[in-house]
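Taking it in order: structure first as structure tokens, then the write-up.
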Amino acid sequence: MSPTDGNGIRLDPALIVIFGITGDLAQRYLLPSLYHLIKDGLLHDQTEIVGITRGTTSVQGLFDKVELCVNEADEVCDPAALKAMRDRTMMVQADLNNPDDYDALLKQLNDLEEQRGVCMNRLYYLSIPPQAYTSVIHLLGERGLNSGCQHHKATSRLLVEKPFGFDAGSAQALIDEIAKSFDEEQVFRIDHYMAKETVQNILTFRFSNPIFEALWSEKYISSIEISAKEKIGIEGRAAFYEPLGALRDFIQSHLLQILGFITMDQPSVLDSKHIHSAKQAVLEQVEAVPAGQVGERTLRGQYKGYRKEVDNAESTTETYAAITVFINSARWRGVPVRLLSGKALDERKTEVCVTFRDEPHGDGTNQLRFRIQPNEGIELDLVTKKPGYAHELQTTIMDFSYQKDFDNHGHPNAYERVLVDAVRGDHTLFATSQEVMSSWRIVQPVLEDWANRSEDLRFYDPGSIGPR
Ligand code: BG6
């Protein structure tokens with residue numbers, strides 16, 4: 001069988017090697033997504049999932065631990081898909097720092113291909129703590145796992161989760177380490193927010209509806225806010241979150257990527273290369289927050305109880321961050337773009353809010369909101385006349401909603417999309433090394449300022465709107 005995805009593209013057989021298969025990310029997102037892809041018949045039936053673990057977890061042990069039927073639109077589990085997935089999974093025990101274990105892994109991958117009589121794309125998914133990336137990447141290259149079975153480098157791919165570095169310096173060092181063994185084409189820097197349907201729709205909305213593109217500049221737009229509010233806290237992931245904080249976890253990655261889609265110029269062609277170069281061009285124009293203005297341009301907070309959760313009574317890690325940036329271009333000069341993200345807030349809501357300028361003859365403010373999650377859709381505030389004899393006005397909402405307008409037809413979740421695109425080698429929704437570096441440059445002065453003082457860290461109640 002050669003399955004095709006929703007775009008009629010054939011997915012070739014692949015060896016999906018997951019480093020850290022028993023970890024939180026794999027269990028919460030990757031394995032359920034792979035199950036859905038198998039259930040939907042999207043993965044080639046010769047595709048094999050190879051789980052790398054330090055421990056002795058067996059395939060059965062892995063499947064006992066993980067809930068694969070979560071996020072089911074129809075809430076029905078498919079035993080045949082579960083069995084197919086189990087049959088296509090193998091576990092490999094390895095010490096990530098031991099070169100011999102990489103030799104053994106290479107042999108296992110070669111043997112698998114030989115048994116099947118087919119050359120497969122090899123995907124190495126780093127679902128491990130970012131502190132471990134460098135050594136794994138180095139050993140993958142040193143022990144020859146960076147080539148495919150036909151010794152074409154392009155047939156092996158490296159999937160790297162965020163955070164990609166902890167600041168500009170470490171991100172550049174990681175880029176350099178990767179470049180020693182992998183070409184840029186082989187590298188997929190994951191930002192799963194780019195793979196959310198609603199984020200992709202930003203480009204379609206902007207470039208397929210000329211009425212909006214004509215208004216898309218400082219002439220008509222007064223401000224933009226991109227916010228990601230979560231109700232959940234850090235959910236026990238102290239080791240992951242404590243060195244990060246909201247600025248690194250969300251703003252440097254997800255929110256600046258979204259900013260790119262919202263503010264970039266229209267590419268001449270809507271393909272990966274042109275989209276990336278338009279996004280990169282605008283990210284380069286975003287001014288780094290000036291060192292002397294960090295105080296007035298930013299806000300940071302920590303939810304009460306966080307210090308206990310991470311067992312660090314002096315932690316200054318922010319669980320809430322907001323920064324205002326400006327774009328140094330004729331199109332966007334003077335328009336503040338506010339980026340905001342927080343955990344343990346009163347609501348779960350990610351949205352982009354574009355506020356249009358009030359006109360002297362107008363009767364209200366037009367605001368356009370991209371609802372990224374939940375209740376995905378796009379809405380526009382319009383002033384209307386209330387029915388009746390008086391000239392009474394009311395703001396009403398013109399609403400496009402995925403649930404209503406697409407007949408509640410389920411769409412692939414972000415990690416399904418990430419995996420499909422990596423298997424088919426499509427880079428459109430992954431971050432380039434230049435984009436990553438531009439994003440670090442923008443937030444670097446804030447990171448440095450915040451590292452040196454903490455008196456402005458505000459504490460907020462979990463379940464509240466965050467610090468004021
Ligand atoms: C991750 C962050 O990138 O995104 C987490 O590291 C966050 O802190 C998660 O909770 C949220 O993703 P989603 O898709 O559930 O909004």
Side-chain angles (χ1 to χ4, degrees), residues 20 23-33 36 67 70-71 125-131 133 159-166 171 188-202 226-259 300-303 306 309-310 315 317-322 339-352 370-377 402 410-419 421 429-431 435-436 439-440 443 462 466:
D24 184 69
L25 176 82
Q27 309 228 338
R28 276 187 11 191
Y29 295 110
L30 299 184
L31 293 169
S33 297
H36 284 133
E67 277 187 65
V70 291
N71 303 329
Y125 198 121
L126 303 191
S127 176
I128 50 178
Q131 293 82 349
Y133 288 172
L159 277 73
V160 190
E161 266 293 341
K162 57 165 273 286
F164 193 91
F166 286 87
F188 292 76
R189 293 176 200 82
I190 297 164
D191 187 310
H192 79 281
Y193 266 60
M194 300 316 284
K196 289 185 189 271
E197 248 340 297
T198 33
V199 173
Q200 295 163 52
N201 220 340
I202 292 172
I226 306 173
S227 57
K229 301 178 188 168
E230 293 187 286
K231 266 183 145 170
I232 54 167
I234 59 161
E235 307 237 284
R237 297 189 304 153
F240 171 79
Y241 200 81
E242 183 56 0
L244 281 187
L247 183 61
R248 290 183 173 91
D249 190 32
F250 258 92
I251 295 184
Q252 183 274 334
S253 49
H254 304 322
L255 300 194
L256 280 168
Q257 282 286 325
I258 295 174
L259 174 147
R300 61 174 153 159
Q302 189 187 79
Y303 65 81
Y306 172 83
E309 230 176 310
V310 298
S315 169
T317 299
E318 78 288 352
T319 57
Y320 179 105
L339 307 166
L340 178 165
S341 169
K343 287 193 182 285
L345 298 178
D346 57 340
E347 59 178 347
R348 171 177 179 255
K349 187 175 1 165
T350 303
E351 73 173 19
V352 180
F370 294 87
R371 298 190 308 259
I372 291 170
Q373 62 188 29
N375 186 20
E376 291 94 334
Y402 275 73
H411 45 259
N413 76 33
Y415 273 96
E416 289 166 36
R417 180 70 197 240
V418 162
L419 288 161
D421 282 0
L429 303 176
F430 296 84
E435 289 165 16
V436 168
S439 299
W440 281 118
V443 301

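Below, all heavy atoms of this structure are taken into account, side chains as well, without hydrogens, waters or symmetry copies. Whatever order the structure lists them in is the order used to number ligands and atoms, beginning at 1.
Among protein heavy atoms, the minimum distance from atom 9 (C) of ligand 1 is reached at Glu230 OE2, 4.0 Å. Counting protein heavy atoms only, atom 14 (O) of ligand 1 is closest to Lys196 NZ, 2.6 Å. Remark: minimum distance from atom 4 (O) of ligand 1 to any protein heavy atom is reached at His192 CE1, 3.4 Å. Protein heavy atom nearest atom 16 (O) of ligand 1, with residue, atom name and distance: Tyr193 OH, 2.5 Å.
Between Ala321 and Ile251, the shortest heavy-atom contact is O-CD1, 3.6 Å. Nearest heavy-atom pair across Val436 and Ala431 is CG2-CB, 4.0 Å. In terms of heavy-atom proximity, Glu309 sits nearest to Gly236 at OE2-N, 4.1 Å. Ile226 and Leu255 make their closest contact through O-CD1, 3.7 Å (heavy atoms, listed as atom of the first residue, atom of the second, distance).
A donor-acceptor contact under 3.5 angstrom links the side chains of Glu242 and Tyr306, judged on distance only. Tyr125 and Glu161 share a side-chain donor-acceptor pair at under 3.5 Å.
The contact set between ligand 1 and Asp249, taken as ligand atoms under 4.0 Å from a residue heavy atom, comprises 2 (C), 5 (C), 6 (O), 8 (O). Within ligand 1, counting atoms from 1 as listed, the ones closer than 4.0 Å to a heavy atom of Phe240 are 6 (O). For ligand 1, the atoms closer than 4.0 angstrom to any heavy atom of Tyr29 are 15 (O). Near Lys343, meaning under 4.0 Å from one of its heavy atoms, ligand 1 places the atoms 5 (C), 7 (C), 8 (O), 10 (O).
Classification of the Phe430-Phe188 ring pair by plane angle, with boundaries at 30° and 60°, yields perpendicular.
In this structure, Tyr133 has its ring center no closer than 6.0 Å to that of Phe164.
In terms of polar-atom proximity, His254 is counted as a contact of ligand 1, with an N or O under 3.5 Å from an N or O of the ligand.
Residue contacts with ligand 1: Phe250 is included, with a non-hydrogen atom under 4.0 Å away.
If you check each of Glu161, Glu235, Arg248, Arg237 against atom 5 (C) of ligand 1, the one with the closest non-hydrogen atom is Arg237.
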